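What follows is a single structure, written as structure tokens, with notes after it.
Since the structure is predicted, the reported quantities are computational estimates derived from the model, not experimental observations. So you know, we letter chains A, B, ... as the sequences are listed, proteins then strands, and number each from 1.
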Number of protein chains: 2
Amino acid sequence: MATPNQRRKASVAERVYEALKEDIFEFRLIPGDKFSEGDVGTRLNASRTPVREALYRLQREGHVEVLFRSGWKVKPLDFQQMEELYELRITLEREAVHKICGLTEEPETLRALALLWNPDQPSGRASGSAVRALDESFHCELMIAAGNREMVRVHREITDRLRIVRRLDFTRDNRVEATYEEHAAILEALHQGLAHDAAERLTRHIRTSQKAVREITMERIKEAAQAHRSDSQSA
Amino acid sequence: MATPNQRRKASVAERVYEALKEDIFEFRLIPGDKFSEGDVGTRLNASRTPVREALYRLQREGHVEVLFRSGWKVKPLDFQQMEELYELRITLEREAVHKICGLTEEPETLRALALLWNPDQPSGRASGSAVRALDESFHCELMIAAGNREMVRVHREITDRLRIVRRLDFTRDNRVEATYEEHAAILEALHQGLAHDAAERLTRHIRTSQKAVREITMERIKEAAQAHRSDSQSA
DNA sequence: AGTTAGCAACTTGTATACATGTTGGTTGGC
DNA sequence: GCCAACCAACATGTATACAAGTTGCTAACT
């Protein structure tokens, strides 16, 4: 899914898709904003056909919706939905942890992760948005190590949809610190084959992050909406 | 997802999508078959645009794949993938069972299900393909009762993709009988709030069905492929 | 006969023209 | 001044024309 048609030069549809997705994630398109296929086409220098393809894809992923013959709309953030996505994510990752502990030998990946998330080496740590990406890949690697590709696929889809709020997690410095410790503890439990312990730590880790995100999200949206209004006035 | 644009008269794209999906599920399009957008368009009396929309949707659902500028192909049945989908389905439904037992009161839906799946009334039983649909809705209702819409959504997607093999389950008469008993037992455990018991019964129920399906699928595909070859010769 | 270069037919990707329904401003009536 | 009917601009849905790449056959050459 990450690869456009077999590494062929990215299609227009792919480019438009990525651009729109980023616009949405960076709040350049505020939830609730309406726009037309033509607008997007002229702005991104593409015809309506690839634009439509990109939009339908974003629709299936839950980011936009189409109003019959009256334009597209960025789907408002549904907090209940975010909570439900977190629940689903926890369910999947817990299952992954149990699967991993049922394996005959520890996957190579986990040893690599253990080096990366070593809490005794605070020197080589990433910061800011880099941590967000690393955290994502940590959880993604866990799923991959469990060996069920369909679970990986669904988990990735969830990750995509949660990213819009999840990046806010690491705007608080203590969360970076905590993330390193929590990841290390989870990996240690996995290494010792303590499935239940690992699952519980993982659950707490995700719920903590979820709580932090919940607290930050609301104000950010308000800020963005205000900035957006000023833009409209000055324009 | 089941509703085309708000019950507006079904679009051409929707019609093509349903037709193609049925063709695939009914093995009128054999896994591995290649075809072009133009073919489908003339056969179903539609232009390429809605055909493409339908195909991209089927692609995202994993039923077909596109070969760059050289046609579309019905994705070969991937048995490993089916196993993984079953695993994912079990994970979701087990979680649902635990959620249901955590509710303060038994959902109305479950009482309705208990009436439907009463094993003491073998008279009013459905048979054949009707049981397949009822079985599907049983598991779907369980997910809905648990209250997480995202889990319901993913579960429905999995159900769609497993349907192609799952309908084979009820071609054996004893499976119909067993399904009634197993469903009743699960509902009884849920009624008594025995989460662990219900989860275990549910898991066994699904695995039994999975095993039956696994046994039947291979031969059926061979049959269909043979019938297909005869068609080609006579044509 | 075997092999390879090239070309023609066919494929998807993209752009655009047309069909049809929605919406919001405008205008006429009260 | 207010309201309702209407209509023009604009939205998506669909059809079609054009661009660009793939494939497999053909034919010429070794």
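Among the protein residues, Thr49(B) comes within range of the nucleic acid bases, having at least one heavy atom under 4.0 Å from a base atom.
The side chain of Ser11(A) approaches dT14(C) more closely than any other nucleotide in the set dT14(C), dT12(D), dA15(D). For Val12(B), counting side-chain heavy atoms from C-beta on, the closest listed nucleotide (dG13(C), dT14(D), dA15(C)) is dT14(D). Set against dT23(D), dT14(C), dA17(C), the side chain of Arg48(A) has dA17(C) as its closest nucleotide.
Judged by closest nucleotide on DNA chain C, Glu37(B) is the one of Pro50(A) and Glu37(B) placed further toward the 5' end. Residue whose closest nucleotide on DNA chain D sits further toward the 5' end, between Lys34(B) and Asn45(B): Asn45(B).
If you run side chain to side chain donor-acceptor pair (under 3.5 Å) between Tyr17(A) and each of Arg15(A), Glu14(A), Lys21(A), only Lys21(A) comes through.
At whole-Å resolution of the value, CG in Leu55(A) and C1' in dA11(D) are 13 Å apart. Put simply, CG on Leu67(A) is 12 Å from C1' on dT23(C), counting in whole angstrom units. To the nearest angstrom, P of dT14(C) lies 10 Å from CZ of Arg15(A). Distance Arg52(A) CZ to dT16(C) C1': 13 Å, rounded to the nearest Å. Atom CZ in Phe68(A) sits about 12 Å away from atom P in dT20(C), given to the nearest Å. Look at CG on Leu44(B): it is 12 Å from P on dA15(D), rounded to the nearest Å. Look at CZ on Arg57(A): it is 13 Å from P on dG13(C), rounded to the nearest Å. Distance, Glu14(A) CD to dT14(C) C1': 15 Å, rounded to whole Å.
Nearest approach of Leu142(B) to Ile100(B), heavy atoms of both residues: O-CD1, 3.5 Å.
Taking 4.0 angstrom as the limit, Ser36(B) places a side-chain polar atom (N or O) nearer than this to OP1 or OP2 of dT11(C). Look at Trp72(A) and you'll find a side-chain N or O under 4.0 angstrom from OP1 or OP2 of dT12(D). For Tyr56(B), a side-chain nitrogen or oxygen approaches OP1 or OP2 of dG13(C) to under 4.0 Å. Residue Ser70(A) places no side-chain N or O under 4.0 Å from the OP1 or OP2 atom of dA11(D).
Remark: the Arg69(A) side chain and the dT12(D) base include a donor-acceptor N/O pair separated by less than 3.5 Å.
Considering only heavy atoms from C-beta on, Lys73(A) stays 4.5 Å or farther from Val64(A) through its side chain.
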Assess the residue pair Asp160(B) and His63(B) against the criterion (side chain to side chain donor-acceptor pair (under 3.5 Å)); give the C-alpha distance rounded to whole Å, side-chain angles, the decisive distance to 0.1 Å, and a yes or no. CA-CA 10 Å; Asp160(B) 277 345; His63(B) 299 303; over 6 Å; no

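For the residue pair Glu37(B) / Trp72(B), a side-chain donor-acceptor distance below 3.5 Å is found, with atom types taken as modelled.
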